[in-house]
J.: 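Here it is, the structure, as structure tokens.
Just the heavy atoms: all of them, side chains too, but no hydrogens, waters or symmetry mates, feed the values below. Below, chains carry the letters A, B, ... as their sequence lines are ordered, and counting in each starts from 1.
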2 protein chains.
Amino acid sequence: MSIAERKEREKAEMRSLILSAAHHIFKEKGYDGLNIRSIAERIEYSPATIYLYYKDKNEIFYALQYEAAAAKRDHLIPAAGIEDPWQRLIEFGRLYVDFGLKHPDWYDLLFLTRAPMEHVENQECWTLGMATHSFFVETVQACVDARYFKSTDTQTIAYTLWCHAHGLVSLFVRERMRMYPPEQREELARKSFAMIVKMAEGL
Amino acid sequence: MSIAERKEREKAEMRSLILSAAHHIFKEKGYDGLNIRSIAERIEYSPATIYLYYKDKNEIFYALQYEAAAAKRDHLIPAAGIEDPWQRLIEFGRLYVDFGLKHPDWYDLLFLTRAPMEHVENQECWTLGMATHSFFVETVQACVDARYFKSTDTQTIAYTLWCHAHGLVSLFVRERMRMYPPEQREELARKSFAMIVKMAEGL
DNA sequence: CAAAGTTACTAAACACTGTTTAGTGCTCAA
DNA sequence: TTGAGCACTAAACAGTGTTTAGTAACTTTG
């Protein structure tokens, strides 16, 4: 059975080779510059070969989304070590926004791309994203339990904070802040984050 | 000069015919279903004719964005009549979210589409959008002037509220709320809006 | 070890985009 | 009436994602 094992290994290696090429092209040329032919050219195979390892472009897209979700999780990990739930929540939020501003392409891929979202729920990407989201909600719950807020509606609190952070990053990523001078934008984001923290304190 | 006038009129009519076809196709089949050939077919002209009236697809896209901006402005108009700045601000926010949830395609076109945003600033669409945005900021300013908030940082207050509303609508429009059951989503949005209003009261 | 079967791969095509080119026939001013 | 300009289009080009048909190498089998 050694040959079958080798073949399976080679298949996995090829899949990872394709994905890594897609990853590089995505980072260099963005989503629009990523196409099957450019992947094929980079790995020096014909375009048709790609289809022996991935069903279609969407499958590659999902795999990339997973990488983005993993990058986001890794970025947020430092927050998990903070004991105090309120400080943990603040740091989580800060890192979330930080991730979005530092890696707009990844954030875009995760939250702003018009993707066939019906299928994404079956993907590992969704599972991973949900785990990160759960960590967030649990931190809010810990704050609620520790009476950091007057309100006890964990779900709505979590959702409201997420809306703000997501809106903030989205306006950046999709360049809808052009009414503010470029050098003001990051400062405004920081001020707004500080403000929502202050607002949350009064919840 | 009557002939020249007629020609100009006909040119304008053709432009509006094309745009109206694009509008219908966009509403029926969404952004992905909108292409030059489908517009041409609908108005019973050849695809090449489109290019005699619009430079490229982007120009049609900008014209559609303008329609979306106008629809949004019209949706928000009722808020302008409210005397009390704080009540006006609340109603403005409510209508903003309402517009996004009722017309996800329009909202998408305005705020979520990966468009060549560098050129959009020269378009009437941007001017119109900026006017609406200014009305919003002015309302916040009126609240600040009337001492509705402790904070006097109008810009950051306005931006923070916008972030929340935009984040809320975006998560809807791009279907990133799938962890909540469909029937819960709108209620959650309403609750979150109520919560941000409460939070803003304590600003 | 040779024949047969299976696999990995690709050239070329297909269908669909946006866009351009090279006309064609009609309108209109002189 | 005639020549210039105009509205329009068929056909092509270039770039997408994807499929098909075939080839050549590898693996199994008799």
J.: Between A:Glu67 and A:Lys72 (salt bridge meaning N to carboxylate O under 4.0 Å), is one present in this structure?
T.: no
J.: Looking at the rings of A:Phe92 and A:Phe135, which for Trp means the six-membered one, are their centres under 6.0 Å apart?
T.: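 Ring centroids of A:Phe92 and A:Phe135 are less than 6.0 Å from each other.
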J.: Tell me whether the guanidinium CZ or amine NZ of A:Lys191 lies under 6.0 angstrom from the six-membered ring centre of B:Tyr159 and within 45° of its axis.
T.: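 Verdict for B:Tyr159: no cation-pi partner in A:Lys191.
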J.: Whole Å only: how far is the CD1 atom of B:Ile50 from the P atom of C:dT21?
T.: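 It works out to 18 Å between those atoms.
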J.: Does a side-chain N-to-carboxylate-O contact under 4.0 Å join B:Arg88 and B:Glu91?
T.: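 Salt bridge: no.
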J.: Just checking, A:Arg94 and A:Phe193: is the charged tip under 6.0 Å from the six-membered ring centre and within 45° of the axis?
T.: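 No, cation not above the ring by the 6.0 Å, 45° rule.
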J.: Rounded to the nearest Å, what distance is computed from the OH atom of residue A:Tyr51 to the P atom of nucleotide C:dA15?
T.: 16 Å
J.: For the pair made of CG in A:Leu17 and P in C:dC9, what is the distance, rounded to whole Å?
T.: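 For the pair A:Leu17 CG and C:dC9 P, the rounded distance is 11 Å.
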J.: Rounding to a whole Å, what distance do you find between B:Asp32:CG and C:dC16:P?
T.: 16 Å
J.: May I have the distance from B:Leu52 (atom CG) to D:dA10 (atom P), rounded to whole angstrom?
T.: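 Distance check: B:Leu52 CG to D:dA10 P gives 13 Å.
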J.: Tell whether A:Arg37 reaches the base of D:dG15 with its side chain through a donor-acceptor pair below 3.5 angstrom.
T.: no
J.: Is the phosphate of C:dT10, meaning OP1 or OP2, less than 4.0 Å from a side-chain N or O of A:Thr49?
T.: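 Looking at the OP1 and OP2 atoms of C:dT10, one of them is under 4.0 Å from a side-chain N or O of A:Thr49.
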J.: Start at the 5' end of DNA chain C and walk down; is the nucleotide closest to B:Leu34 or to A:Met14 reached first?
T.: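 The residue closer to the strand's 5' end, by nearest nucleotide, is A:Met14.
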J.: In whole Å, what is the span from the CD atom of A:Glu59 to the C1' atom of D:dG17?
T.: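 Answer to the nearest Å: 14 Å.
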J.: Measure the distance from CZ on B:Phe61 to C1' on C:dG18 and round it to the nearest whole Å.
T.: 15 Å
J.: Using the side-chain heavy atoms of B:Ala48, tell me which of these nucleotides is nearest: C:dT20, C:dT19, D:dG17.
T.: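 The listed nucleotide nearest to B:Ala48's side chain is C:dT20.
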J.: Where the side chain of B:Tyr45 is defined as all heavy atoms beyond and including C-beta, which of C:dT19, D:dT9, D:dT18 is the nearest nucleotide?
T.: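 Nearest nucleotide to the side chain: D:dT9.
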J.: What's the closest nucleotide to the A:Ile36 side chain, out of D:dT9, D:dG17, C:dT19?
T.: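 Looking only at side-chain atoms, A:Ile36 lies closest to D:dG17.
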J.: Which part of the nucleic acid does B:Tyr53 contact within heavy-atom distance under 4.0 Å: base, sugar-phosphate only, or nothing?
T.: sugar-phosphate
J.: Output the rounded distance in Å from CD1 (B:Ile43) to P (D:dA7).
T.: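 So the two atoms are 14 Å apart, to the nearest Å.
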